[in-house]
2 protein chains.
Amino acid sequence: MTGTMDHPTTGRSTARRTTLTEVAQQAGVSEITVSRVLRDSGPIAPATRDRVMAAVRALGYVPNRVAGTLASSGSNLVGIVLPSLANIVFPEVLRGAAGPLATMGYQPVIAVTEYDIAREETLIESLLSWRPAGLIVTGLEHTPRAEAMLRNAGVRVAELMDSDGTGIDIIVGFSNAEAGRIAARHLLSRGYRRFGYVGHGGGATIGADLRAGKRWTGFTTTLAAAGHPPLDKEIVDAPSSIAAGRCGLAELLARSPHLDAIYFSNDDMALGGYFHCLANGIAVPGQLALFGHNALDVGQVAPQPLSTVRTARLKIGEIAARLVCGDAPSQKVDVGVELVEGATA
Amino acid sequence: MTGTMDHPTTGRSTARRTTLTEVAQQAGVSEITVSRVLRDSGPIAPATRDRVMAAVRALGYVPNRVAGTLASSGSNLVGIVLPSLANIVFPEVLRGAAGPLATMGYQPVIAVTEYDIAREETLIESLLSWRPAGLIVTGLEHTPRAEAMLRNAGVRVAELMDSDGTGIDIIVGFSNAEAGRIAARHLLSRGYRRFGYVGHGGGATIGADLRAGKRWTGFTTTLAAAGHPPLDKEIVDAPSSIAAGRCGLAELLARSPHLDAIYFSNDDMALGGYFHCLANGIAVPGQLALFGHNALDVGQVAPQPLSTVRTARLKIGEIAARLVCGDAPSQKVDVGVELVEGATA
DNA sequence: GGCAACCATGACAGCGCTGTCATTGGAACC
DNA sequence: GGTTCCAATGACAGCGCTGTCATGGTTGCC
């Protein structure tokens, strides 16, 4: 299995694939008849159909959808733009979308922005150049040019994960601000008063996680209104991860040891914080309460499940896929958020 | 943002996109000149270039890569076939590949088989119909027709995650059998003797996780050779997950309470097992040793890190992307596996 | 000054398929 | 028996772009 060019069929696409024309010749019919058989369109005599299918199999013909798309101006591609694959949340959204898309015969093309809104612009252009049937993007904030492209694309566009704002066509998400408020109200109702926050920075560049920012705003506004604004916060300069959460909490506590409740930018971070507490003998929630966001499986199966807010990632992906590929009207779907009391706050 | 058809630009693709021809007219040059400017090919006078770019911007022109691909018979699409997105391992492979692909100007198109080898065949055909520049698939086992298509595709093909066998063109992976053997040797060397196994079933259908099977074989063969074959095993009839691991271990211990070491099909499952032990006061590893596979972050950041075998998922994705898009010879790249002693065995 | 050697641009065909309209040969009907 | 109708098939153009070859205008150089 090592060596150079020992596979004649491998490498440069010298091997011209068989075309419709060849299948037609083999079957003794015209190209258009083969095309019809393959697409089940128009009336075809059973005998003809059999002959064509036999030729298709004999030649190992695989239709060229590039040509088909160009001729019919309609592809089965659906572009999906995600900020990251490192946070399990987005693979879950993708997974939610993959099911319906496959069922309806669509193919996902994915692009990852690393939370960089300028990069998103480029990627959207690149996806649109494939004339997809639809486009699924994350968030409501885009560069002006990206937004213009999305509006003029002539395809359905779904914006996910955020319902705090207005969008282009279809919105499927939840209110991040509300998630922050829920966290604040829960912690207040449990009697905590000295609040801290551990968040994550952007990935590659400045373009931070805007939705985490909206949660923070909801959180801090509610606390401030109750007269107990957060006393300190630590933003780890790294993408969200368990390790980042662990470091972040350590830093924060080193600086402000008397906090009694910590809100994390998400469950990954919160779980890291939880591990920090376990490793350092900090009683949770007796000594320190922890609150996350997302209700990831990993945080819920632990013996002491995380206090958090559940978001319906799979459902968001699923609904978005369905709407983008259907002919539903423009709309905003709020899948809501739900307090998960857990055992850490 | 709710209501029907309030966006004139939304919905059916009635809005014909602007074409090269229109840009050419606007700029007062021929189509081919615009094409050259956009692709940076051939000599172009600076003044002409500026005029063309101005027209492109003015019209908001987005090239149609479908037409481009058809004309030049070469796309920038790379098909990626993964068994699942529910297991973080595959999003990580995808993430590893996404970087280099983006850098080299390629676009990933993904397909998910749910561990169904028949479905894989369909998906491969579907991906090939887009005449991708390359194809990345998981595993070495395919249906005969799928394998024939891959061989005749005329594109580079990489098969990932498994080096125990022969492949079509490029292989990037590690030996699952060896991973199983490492686990067995480690547990033996630690003095454990009464072994159990907790595995996961297929996803949708019979087509189980073949690579987990190879690990099991390596594990059990080594143990048998040492005179201590596994005493019991529990295969949970569900996709791999933390919850499945937790249930699986509970079942297994209910039936065989005297086991002293458990090998899990992967870290998700093992972490579930660990949580079962925590919740039921089973001392790890004193009373029961736990061993996983993959060395996921989540298992390593915990206070008591999982004993497991590290696999280089990101690296596999990265190398595969590079090789598939380059003109390297057919080859097998074994990224190896590495024992992670951890604290659970 | 004349010929080569470019540079910058264009004309044309065609990638592989599908939409549209046209054509054929029966079966159905009065 | 002639008209009508429809099922079954085909001819043709064209989707939007790029490869190939051709063309006009400059520059360089002996």
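Since we're looking at a predicted model, the values are computed, not measured.
- For DNA chain D, none of the residues of residues 121-135 of chain A falls under the heavy-atom distance limit of 4.0 Å.
- B:T48 comes within contact range of the sugar-phosphate backbone alone, with a heavy-atom separation under 4.0 Å but no base atom that close.
- Note on the helix from C:dG1-D:dC30 to C:dC30-D:dG1: terminal axis deviation equals 40°, with five pairs used at each end and the result rounded to 10°.
- For residues 60-71 of chain A, every residue pair satisfying the side-chain hydrogen bond (donor to acceptor under 3.5 Å, both in side chains) rule, not counting sequence neighbours, is listed here: A:R65-B:S126, A:R65-B:S129.
- No donor-acceptor pair under 3.5 Å is formed between the side chain of A:Q26 and the backbone N or O of A:A24.
- Remark: nothing in residues 53-60 of chain B comes within less than 4.0 Å of DNA chain D through any heavy atom.
- The residue among A:R49 and B:Y61 whose nearest nucleotide of DNA chain D lies closer to the 5′ end is A:R49.
- Annotation: salt bridge (charged side-chain N to carboxylate O under 4.0 Å, His left out) contacts involving residues 27-39 of chain A, sequence neighbours excluded, are absent.
- No side-chain donor-acceptor contact under 3.5 Å links A:E121 to the backbone of A:H142.
- A search for side chain to side chain donor-acceptor pair (under 3.5 Å) contacts involving B:T33 returns B:S30, not counting sequence neighbours.
- Closest heavy-atom contact between B:V157 and B:V324: C-CG2, 4.3 Å.
- For B:S84 (side chain) and B:F90 (main-chain N/O), no donor-acceptor pair under 3.5 Å exists by modelled atom type.
- A salt bridge is defined here as a Lys NZ or Arg NE, NH1 or NH2 lying under 4.0 Å from an Asp or Glu carboxylate O, and B:R211 with B:D162 fails to meet this definition.
- Looking at B:Q107, its side chain never comes within 3.5 Å of a backbone N or O of A:A111 through a donor-acceptor pair.
- The stretch residues 19-31 of chain B touches DNA chain C through B:V29, B:S30, each having a heavy atom under 4.0 angstrom from the strand.
- Counting only distance, with no hydrogens or angles, the side chain of B:E125 and the backbone of B:T122 share no donor-acceptor pair below 3.5 Å.
- No donor-acceptor distance shorter than 3.5 angstrom exists from the side chain of B:S330 to the backbone of B:I168, with no hydrogens or angles considered.
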Table please: side-chain donor-acceptor pairs of residues 95-106 of chain A below 3.5 Å, with sequence neighbours left out.
| from | atom 1 | to | atom 2 | distance (Å) |
| --- | --- | --- | --- | --- |
| A:T103 | OG1 | A:G99 | O | 3.0 |

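- A:I110 places a side-chain heavy atom less than 4.5 Å from the side chain of B:L94.
- Closest approach of B:L314 to B:E92, counting heavy atoms only: CD2-O, 3.3 Å.
- Across all non-hydrogen atoms, the minimal contact from B:I171 to B:G167 is CD1-N, 3.5 Å.
- Using a 4.0 Å cut-off on heavy atoms, the residues of residues 34-43 of chain B that approach DNA chain D are B:S35, B:R36, B:R39, listed by number.
- Checked against side chain to side chain contact (heavy atoms under 4.5 Å, CB included), A:S163 has the following partners two or more places apart in sequence or in another chain: A:S175, A:K332, A:D334.
- For the side-chain hydrogen bond (donor to acceptor under 3.5 Å, both in side chains) condition, the pairs that include at least one residue of residues 40-56 of chain B, sequence neighbours left out, are B:D40-B:R49.
- When DNA chain C is scanned in the 5' to 3' direction for atoms under 4.0 Å from non-hydrogen atoms of chain B, the outermost contacting nucleotides are C:dA8 to C:dG16.
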